[in-house]
Amino acid sequence: MIDLRLLRDNPDVVRASQQARGDDPALVDAALDADARRRSSLTDYETLRAEQKALGKQVAQASGDEKAELLTRTKHLAEQVKARQSDAAQAEREVDGLLYRIPNVVDGAPAGGEEDFEVLRHEGTIRDFAAEGFAPRDHLELGEGLRAIDMARGAKVSGARFYFLTGIGARLELALLNAAMDQAVAAGFTPMITPTLVKPDTMRGTGFLGSHADEVYHLEKDDQYLVGTSEVALAGYHADEIIDLSDGPRRYAGWSACYRREAGSHGKDVRGIIRVHQFHKVEMFSYCPPEEAAAEHQRLLAWEEAMLAKVELPYRVIDTAAGDLGTSAARKFDCEAWLPTQERFLELTSTSNCTTFQARRLAVRERTADGTTRPVATLNGTLGTTRWIVAILENHQQADSSVRVPEGLRPYLGGLEVLEPVA
RNA sequence: GGAGACGUCGCAUAGUCUGGUCUAGUGCGCCACCCUGCUAAGGUGGUAACGGGGCAACCCGUUCGCGGGUUCAAAUCCCGCCGUCUCCGCCA
């Protein structure tokens, strides 16, 4: 939720943000209008309610005729109070409804849609397979050769976009995620294994039930949602709390399964494990004072890049355009690894600065030096996912269909240097 | 799944039966000041969040797990839900 005061004091900033995202700026004026109506109906209600309470005290002390007379007055007043209260509640629902539809205010992201990102830099060297004298195989062919990925049985058991990681495939994922966890712990993060089913309030609070609600699995019988990332549970972790950030940001590293419906991505990335309904992820999550959020965002990006360096992948860093930001994000940087067989970049990490947007919805606050409270900023970023296996297999493959293990992962695979195809 | 008990201000508790004097008391913790060679002890005062109004001091409202209801009036009565604990049953 955006700051109502920002909306009142600087509606132009919010209008401009809506424009940059390609969303409707008229929402801003509708919300302002509803807010004005809410405040006036609230004042009406509160005045009457104060009168009712004062009369109630007289009733308690009075007796006989005096009491009877007061009761008739107060009965009449009670009806009015009830009516004004429901007016005020109605007005409040309208404001909330409108406010919930306004995504976070964009901060620094390029305007435009999915294709309007800005490339910040390239890291690593892309291999020239032609010069090496062989055509690269794609991750599924390699994965099947290694007996690491089994799509057919995934489909048999669960349907399209499900898979088994088998043998070295399962070990590779564990190695990657353990390496990510270890790096996070070394950097001072608190490791967390989080719930993957959450209540509607938690899911709504993180902003995932907005325009992309179709992406989220919902269990109707229990009215619970399957999370698409542990960010959801980690953001909810301190909901309704006042936390102490005087010693700096609170950083958590969440390990969880992630579930995505992949609605609207029919025919896209259908082969292999690039786009699947369920995968695992290690996610960084940070609660920090709002004025430190931009610097913290850079730190999260640096930690992501440290992981990418460990697995020795060439990648580029992009500044996502406003229209491609999630509801909660004010700015987002993605790291995309080179995918040799598709000759394109594939998103491996994504770090978002949600400023105070999620914290305001989830009521996560801190106490400042002057004793007041205020919403904190929340940020998140990827440290490793199942999808990384795609880029690792393709970029480190060798002419004989074996795959070189990047040095950063060897300690997690008992020193294994090469993954050999199974005959 | 069955039976019962409980959910009150940071923590612990009183208040609920018998609705109004609850503007939610008390203890602990915390903060400020006082006292005292230092420390401990003692004294005085202050100690929730959110919203609305005001330059401000301050005023008003909401919140006693959550949501409904009864009533002129609800922490208190009624209904539903959630959570915690105890016992029993069942299952990994």
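Side-chain atoms are counted along with the backbone in the values below, which use heavy atoms only and exclude waters and symmetry mates. In what follows, every chain begins at residue 1, and chains take the letters A, B, ... in the order their sequences are listed. Everything quoted here is computed from the prediction, not taken from an experiment.
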Whole-Å distance between B:rU71 P and A:Gln85 CD?
15 Å
Using the C1' atom in both, what is the distance from B:rG29 to B:rA12, to the nearest Å?
10 Å
Please determine if a side-chain N or O atom of A:Lys53 lies less than 4.0 Å away from the OP1 or OP2 oxygen of B:rU62.
yes
What integer number of Å spans the C1' atoms of B:rC9 and B:rA5?
24 Å
Validation row, ring centre A:His238 to ring centre A:Phe285 under 6.0 Å
no
Base, sugar-phosphate alone, or nothing: which one does A:Arg73 contact when heavy atoms must sit under 4.0 Å apart?
nothing
Could you please name the option among B:rA49, B:rC72, B:rU62 that lies closest to any side-chain atom of A:Tyr45?
B:rU62
What integer number of Å spans the P atoms of B:rG10 and B:rG53?
26 Å
Picking from B:rG52, B:rG61, B:rA73, the nucleotide nearest the side-chain atoms of A:Ala78 would be B:rA73
Which one is paired to B:rG61, where only Watson-Crick or G-U wobble pairs with both distances under 3.5 angstrom count?
B:rC50
Using atom P of each nucleotide, how far apart are B:rC64 and B:rC59 to the nearest Å?
22 Å
Would you classify A:Arg84 as touching base, sugar-phosphate or nothing, given that sugar-phosphate means primed atoms plus P, OP1 and OP2, and contacts are heavy atoms under 4.0 Å?
nothing
What about the rings of A:Tyr315 and A:Phe345, do their centers lie closer together than 6.0 Å?
no
Looking at B:rA5, which nucleotide sits across from it as a Watson-Crick or G-U wobble partner, both distances under 3.5 angstrom, or is there none?
B:rU84
Please give the distance between the C1' atoms of B:rG25 and B:rC77 as a whole number of Å.
23 Å
The Watson-Crick or G-U wobble partner of B:rU39, with both key distances under 3.5 Å, is none
Between A:Thr372 and A:Leu4, who's closer to the 5' end of RNA chain B by nearest nucleotide?
A:Thr372
How is A:Leu71 classified with respect to the nucleic acid when contacts are heavy atoms under 4.0 Å: base, sugar-phosphate, or nothing?
base
Just the rounded figure in Å: distance from P of B:rU62 to NZ of A:Lys82.
14 Å
If you look at every strand shown and take non-hydrogen atoms under 4.0 Å, does A:Arg360 touch a base, only sugar-phosphate, or nothing?
nothing
In whole Å, I'd like the distance from the CG atom of A:Leu48 to the C1' atom of B:rU62.
16 Å
Winner on side-chain proximity to A:Gln52, out of B:rG61, B:rC72, B:rA49, is B:rC72
Whole angstroms only, please: what is the CZ-P distance between A:Arg93 and B:rG67?
13 Å
A:Ala109 and A:Asp319 have their tightest heavy-atom pair at CA-OD1, 4.2 Å
Phosphate OP1/OP2 of B:rG52 contacted by A:Arg49 side-chain N/O (<4.0 Å):
no
Round to the nearest Å and state the distance from A:Ile242 atom CD1 to B:rU63 atom C1'.
14 Å
Which value, in whole Å, describes the distance between the C1' atoms of nucleotides B:rU23 and B:rA41?
34 Å
Roughly, in whole Å, what's the span from CD1 in A:Ile243 to P in B:rG10?
17 Å
Find which nucleotide of RNA chain B each of A:Arg39 and A:Lys199 is nearest to by heavy atoms, and output the residue with the more 5' nucleotide.
A:Arg39
With a 4.0 Å cut-off on N to O distance, would you call A:Glu262 and A:Arg161 a salt bridge?
no
Under 3.5 Å for both donor-acceptor distances, Watson-Crick or wobble: does B:rA56 have a partner, and if so which one?
none
Is any N or O donor-acceptor pair between the side chain of A:Glu46 and the base of B:rG51 shorter than 3.5 Å?
yes
Closest heavy-atom contact between A:Arg250 and A:Leu245?
CG-CD2, 3.6 Å
Taking only the P atom of each, what is the distance from B:rA14 to B:rG65 in whole angstrom?
14 Å
Whole angstroms only, please: what is the CZ-C1' distance between A:Arg374 and B:rA49?
17 Å
Length of the NE2-P vector between A:His76 and B:rU71, whole Å:
17 Å
Rounding to an integer number of angstrom, what distance separates B:rC28 and B:rG80 when you compare their P atoms?
41 Å
Using a heavy-atom cut-off of under 4.0 Å over every strand shown, decide if A:Arg5 touches base, sugar-phosphate, or nothing.
sugar-phosphate
Looking at B:rG52, B:rA48, B:rG61, which one has an atom nearest to any side-chain atom of A:Arg367?
B:rA48
Across all strands shown, which nucleotide pairs with B:rA92 by Watson-Crick or G-U wobble geometry, both distances under 3.5 Å?
none
Phosphate OP1/OP2 of B:rG51 contacted by A:Arg38 side-chain N/O (<4.0 Å):
no
Less than 4.0 Å between a side-chain N and a carboxylate O, is that true for A:Arg387 and A:Glu347?
no
For B:rG10, the Watson-Crick or wobble partner whose two distances fall under 3.5 Å
B:rC28
Nucleotide opposite B:rG19 in a Watson-Crick or G-U pair, distances under 3.5 Å
none
Salt bridge present between A:Glu173 and A:Lys281 (N-O < 4.0 angstrom):
no
Can the ring centres of A:Tyr259 and A:His277 be said to be less than 6.0 Å apart?
no
